[in-house]
Amino acid sequence: MGELTEKQKAQALKTAQSLSKDKLHDMYTKMNHVRAFEDKVAYFFSRGMVHGTTHLYSGEEATAIGALANLDDDDLMTSTHRGHGHTIGKGIDLKKMMAELLGKETGYCRGKGGSMHIADLTRGNLGANGIVGGGIPIATGAGITLKLRNEGRVVVCFFGDGALNEGTFHESVNLASIWDLPVIYICENNQYGMSFSAKKSMNVDDLSVRAKAYGIPGVTVDGNDIFAVYEAVKKAKKHALKTGPYFIVSETYRFMGHSKSDANKYRSKEEIAEWKDRDPIPRMRAILVETGQFTDSELDAIEEQCKQDIEEAVKFAENSADPSVDSILDDVFAPSN
Amino acid sequence: MGELTEKQKAQALKTAQSLSKDKLHDMYTKMNHVRAFEDKVAYFFSRGMVHGTTHLYSGEEATAIGALANLDDDDLMTSTHRGHGHTIGKGIDLKKMMAELLGKETGYCRGKGGSMHIADLTRGNLGANGIVGGGIPIATGAGITLKLRNEGRVVVCFFGDGALNEGTFHESVNLASIWDLPVIYICENNQYGMSFSAKKSMNVDDLSVRAKAYGIPGVTVDGNDIFAVYEAVKKAKKHALKTGPYFIVSETYRFMGHSKSDANKYRSKEEIAEWKDRDPIPRMRAILVETGQFTDSELDAIEEQCKQDIEEAVKFAENSADPSVDSILDDVFAPSN
Amino acid sequence: MREITYAEAIREAMSEEMRRDESVFFFGEDIGIYGGAFGVSVGMIDEFGAERVRDTPISEAAIIGAAAGAAVSGSRPIAEIQFSDFISIGMDQLGNQAAKMRYMFGGHAEVPMVVRAPAGSGTGAAAQHSQSQEAWYCHIPGLKVVIPSTPYDAKGLLKTSIRDNNPVVFLEQKLLYRKKGEVPEEEYTIPLGKADIKREGSDLTIVTWGRMVSMVLEVADALKDQFSIEVLDPRTLVPLDRDAIVTSAKKTGHVLVVHEAVQTGGYGGEIVATVADSEAFYYLDAPIKRLGGLDIPIPYNPELERNAVPTPEKIEQAIRDLMA
Amino acid sequence: MREITYAEAIREAMSEEMRRDESVFFFGEDIGIYGGAFGVSVGMIDEFGAERVRDTPISEAAIIGAAAGAAVSGSRPIAEIQFSDFISIGMDQLGNQAAKMRYMFGGHAEVPMVVRAPAGSGTGAAAQHSQSQEAWYCHIPGLKVVIPSTPYDAKGLLKTSIRDNNPVVFLEQKLLYRKKGEVPEEEYTIPLGKADIKREGSDLTIVTWGRMVSMVLEVADALKDQFSIEVLDPRTLVPLDRDAIVTSAKKTGHVLVVHEAVQTGGYGGEIVATVADSEAFYYLDAPIKRLGGLDIPIPYNPELERNAVPTPEKIEQAIRDLMA
Ligand SMILES: Cc1ncc(C[n+]2csc(CCOP(=O)(O)OP(=O)(O)O)c2C)c(N)n1
Ligand SMILES: Cc1ncc(C[n+]2csc(CCOP(=O)(O)OP(=O)(O)O)c2C)c(N)n1
Ligand SMILES: [Mg+2]
Ligand SMILES: [Mg+2]
């Protein structure tokens, strides 16, 4: 079960071979950056060293990284409360990201946003979101801008299986559909919205059927196979630019609890173990070795480098100052001329 | 085009024959009550004799009357801004209804609600609604009560094609689906949400496809054929009681403008004429004559009686007092013990 | 000077800004061929086309949220919500998204959008189509809130709102749409945050906005031989010109706030609290009074509806009580 | 007397009412096996089963609207919204449906429902999970609004809210969930609309609610040698015990309102306006002061977050300013 099917594997090998070594290097690096970042955050939380709560992306990396590997810097993205993977996938300064988690002045949001509100508008990252389903209309509106400008850019909109039941999903996808907006809606079905399983919260087997309600294409992919995600989004991007919105359900799993306090009462150890077996990082690694594009030691080096990058980010964050209380009133309103 | 198809007609005759004369009498009476009521209200508005605005149901009668003919007094219903048909269909005191339109103390809402807020809880009418899509969660919640009580009762929830794009539709039907609530969702596709055609506001040909998103049955019926509507809702009711929610799209048309001020710029005279050709009242009448259950003169008498009933309702309303300004603060809160 | 209606003034403001800046676009329910529920946008689709004047489905959360998304990605959307009551459907997108983005992102975002919506009672549309909910929006940091009381103010304030780099809730007054007033042909704008003294006086300050302004002015004129009444229209509730209010209160020593919104929890409380905790407190010769709408949903019957909100009679009575 | 936590008090209230009246049921996100985001309902699904303790999808508009529908058809639902900030998603269902049904229908409906939701900052959850929006709900005729500040009040008020025949918004205070307080074993209820004087005093009245009550009490105790401070907790903001506030203001001649919500447009304005237009006005020796949250979204950094709302230091300063 942990392995890719033969067919999947053949496709994965083909996809890997179609990509440059640099590109794959970047993708594998990002996968490992996410994992290392989340491990560090989990550690911080377990020690009570960070304030608030956080939602970790470990286990789901292939979705964000595979999808966003299709995007250019000026393409856009909206993310979720579980946003670290998307944020890294879209390209980010890890130091400023870690600094934000620690609430520092040097953080992306100058310490005002924290884990759930990291954005980087310089790289087309329109922000994480604390409201389930909250980013879906925003991505859709960004799609209007892109449609009006007609510059060949797309928006990727991430949200969870839980968000699929918010009214914003429905209203937004319909709007994108009638206006042919270049938006790729990606539902990360990690099987649960907090404690409530997707199976219980929806009465459909394959969530991608929801696309039919809006007359747009909908597909389901193995979200733990980065190459499958990559191909699906590649196709979606073409469609988005030419025709209009596209809906992808990426089947995946979160390895950690929902947020910092989660006794995991709603799922079994066996289930977790089964999914850990399908960890997207070793899966990707196996393909890269099999195609011969990377040696094991090259990949080890990447993994090592990623951990070091995170340590450096931590160092930067820890050495950064807290924002001054005097800055508390800043940034409510933008200046206007 | 104005005629029923052969198949439809055969079915309509069969359905008519399956119903008692009393039942058919009641249905035909209600169809005509609605039409006469709306004609009267249109007249009042054209003369500026009524305050506010109103949304007339003329042309759509078969949907409400056909659907509600399946319900018992203690079954429940939620209605819309275009609610006169549903209200009459569920059974109402026409006098109190007309009095409410005229804002009188003797009206259903003591003059506080008006056209968009008539309810009759004694007959399971949970109320019209000024908010498009606003009644859908309410019907769903009523479904929870019925499910918990398990008394074999259902809720019928009416809304328009425009309401299909409100988030409340999506959230509510999903909820009803996972909880197997006995709710029949009936979308009255009168082809427009105000000026925006259903064709433009949704990118799907057959709106009933939306049921698939929730894993429930969805069908489309000719909403100007009262017998077709009746049969569809009959089936839906069985399903609702045994299994869970059901979605019906009833294809129909409003003969009048959206509300009192509507220049009809968004639709053609030809289109209106075509649909008037499919007027549900003569269609029903033709079937009743063809089965031999009613003579023309019996039906003429019903029509005449309906007009008289409305005149009497008007008389009652006109002779009623306005509410006293002293009552203005009443009824914000219910007393609690 | 030429006179145009409040609705025309709004249409002119939108059209001029759309001509001036092509990143401005306009969307909402039935705003195209229908021209909007109140006819505000009649003809605009002919000039600007269906790309920039977009009819939407009935999806208020998506409309408001899409405005935020369009704004943060470089457009300057104007979203129309057909009745301001329906903003409640998109309340999360307005209050938790559009208003907060800039602050949450540490100042690294601009969200230049306007949500236009008609407010107020008096049209016989009852409880769900007649509300005045400005107090809600004023309680959300990150939003500006504008309520024009004349065609002149409507045009100048809307142009400024469209150029503002923040989300603005622009509450139009249904009963004013057909009212005419002087509006110059030449370009002008009105800054947000500056109150307008609609009438000078020395005995009593009445702070009021929206359609209540003309009602209060009429009462003030009728009583001119008895009281010299100053009528202060803040025009924008956020930012609020607190200085102007305090200055006027110091001058007159009597303050009455009149608004159409339900009194309990209304923005009148903010005005009263502004005065009560200012140096004007020491100049007050009487309690600070509010006259808001009754604490009820708007009823349908016309006479009840009229009495649900301030009337000339109630305003006069409040003035007499205060000056007694 | 035995001591239990605020969260336990709430759970007891719900459980007792569900045992007492089988038309009461409870639903919301993750309230079943998970026990609720704050552990309030741990174990309830075991006692009452999945029919009466219903886990819902993430659909706040449907949750609030379904509560209204269940209520008007004869049930007495308790709906939990995981954070009160998310009520904005169901704002139309709350404000335009649940609250208005009775009035619109001329008194022919009862809508006995409770929307429970945790409010307030202090947990590091930032702008979209930390708000105090009671002022919004208070501005909607037809809703009652309750904010308990102790386990005792929480239990007694929640039981009354569940038995009330109207929609009640019951705002729990996140930072109080684990605070213990005395709660009798015996059945009791507390009427809505009755303020509680949490501390008697003669120099100054502080009106405050929710988690600010204990902070204000601490400051009042610390300053007891300098000022005799009366602390008045309205407990229910609608209905509001205006008499108790006016009586206290007359007694002390000094009034300060402290609340966590953003100051501008907050319910503090209502309290100030109540005093400023009452006979207490004539007894005032100083301006009426408010100390609310800053006019900003709640920031993430803990020190900023702490400073976004009233602190003991700011409360002390406000007292000193007022008594100067
Ligand atoms: C509107 C809203 N409702 C509820 C929550 C609380 N909450 C945060 S994450 C979450 C589960 C979300 O599930 P899903 O969309 O599947 O994303 P996942 O956490 O699985 O990545 C919930 C209920 C929220 N943040 N926003
Ligand atoms: C939430 C909301 N948005 C907009 C409106 C204004 N409005 C009233 S009826 C209507 C059209 C509704 O279309 P549909 O649901 O198809 O019903 P129909 O009028 O065709 O019967 C609109 C836009 C409203 N009342 N409520
Ligand atoms: Mg999930
Ligand atoms: Mg329609």
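Below, chains carry the letters A, B, ... as their sequence lines are ordered, and counting in each starts from 1.
Annotation: the span from C:H108 atom NE2 to A:D331 atom CG amounts to 7.5 Å, rounded to 0.5 Å. Atom CZ of C:F105 and atom CD1 of A:I118 lie 10.0 Å apart (nearest 0.5 Å). Distance CZ/C:R163 to OG/A:S336: 11.5 Å, rounded to 0.5 Å.
Across all their heavy atoms, C:G142 and A:V332 have their closest contact at N-CG1, 3.5 Å. The nearest pair of heavy atoms linking A:T145 to C:S73 is OG1-OG, 2.7 Å. Of all non-hydrogen atoms in A:A334 and C:E110, the two that sit nearest each other are CB-CG, 3.9 Å. Residues C:Y103 and A:K112 come closest through the heavy atom pair OH-CE, 3.4 Å.
No part of A:D120 comes within reach of chain C, as not one of its non-hydrogen atoms sits under 4.5 angstrom from that chain. Contact annotation for C:E22: neither backbone nor side-chain heavy atoms come within less than 4.5 Å of a heavy atom of chain A. Using a 4.5 Å cut-off between heavy atoms, A:Y108 contacts chain C through its backbone alone, with no side-chain atom that close. Looking at C:K144, both its backbone and its side chain come within 4.5 Å of chain A, counting heavy atoms on both sides. Neither the backbone nor the side chain of C:I64 comes within contact range of chain A; no heavy atoms are under 4.5 Å apart. For C:E51, the parts lying under 4.5 angstrom from a heavy atom of chain A are both the backbone and the side chain. Proximity to chain A is limited to the side chain of C:D92, based on heavy atoms less than 4.5 angstrom apart. At a 4.5 Å heavy-atom cutoff, A:I136 makes no contact with chain C through either its backbone or its side chain. Of the two parts of A:I144, only the side chain, counted from C-beta on, holds a non-hydrogen atom closer than 4.5 Å to a non-hydrogen atom of chain C. Contact of A:S172 with chain C is made through backbone and side chain together, with heavy-atom distances under 4.5 Å.
Using a 4.5 Å heavy-atom cutoff, the side chains of C:S59 and A:L175 are not in contact. Side-chain contact between A:P335 and C:N165 is absent, with no heavy-atom pair separated by less than 4.5 Å. In this structure the side chain of A:L148 reaches within 4.5 angstrom of the side chain of C:R54, judged on heavy atoms.
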- [ ] Take A:W179 and C:T56 through the test side chain to side chain contact (heavy atoms under 4.5 Å, CB included) and record every step on the way to the result.
- [x] CA-CA 9 Å; A:W179 287 348; C:T56 65; 3.6 Å; yes
Open item on the list: Under the criterion side chain to side chain contact (heavy atoms under 4.5 Å, CB included), I'd like the reasoning laid out for C:I63 against A:E171: C-alpha separation, chi angles, the key distance, then a yes or no.
Closed with: CA-CA 9 Å; C:I63 293 170; A:E171 297 188 6; over 6 Å; no
- [ ] Would you sort out whether C:Q97 and A:T168 count as a side chain to side chain contact (heavy atoms under 4.5 Å, CB included), showing the intermediate values?
- [x] CA-CA 13 Å; C:Q97 309 295 343; A:T168 51; over 6 Å; no
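The most heavy-atom pairs under 4.5 Å with chain C, out of A:T78, A:L126, A:L146, A:N174, come from A:L126. Among the candidates A:P323, A:A142, A:G113, the residue making the largest number of heavy-atom pairs closer than 4.5 Å to chain C is A:A142. Contact count versus chain C (heavy atoms, under 4.5 Å) is highest, among A:R110, A:M116, A:H117, for A:H117.
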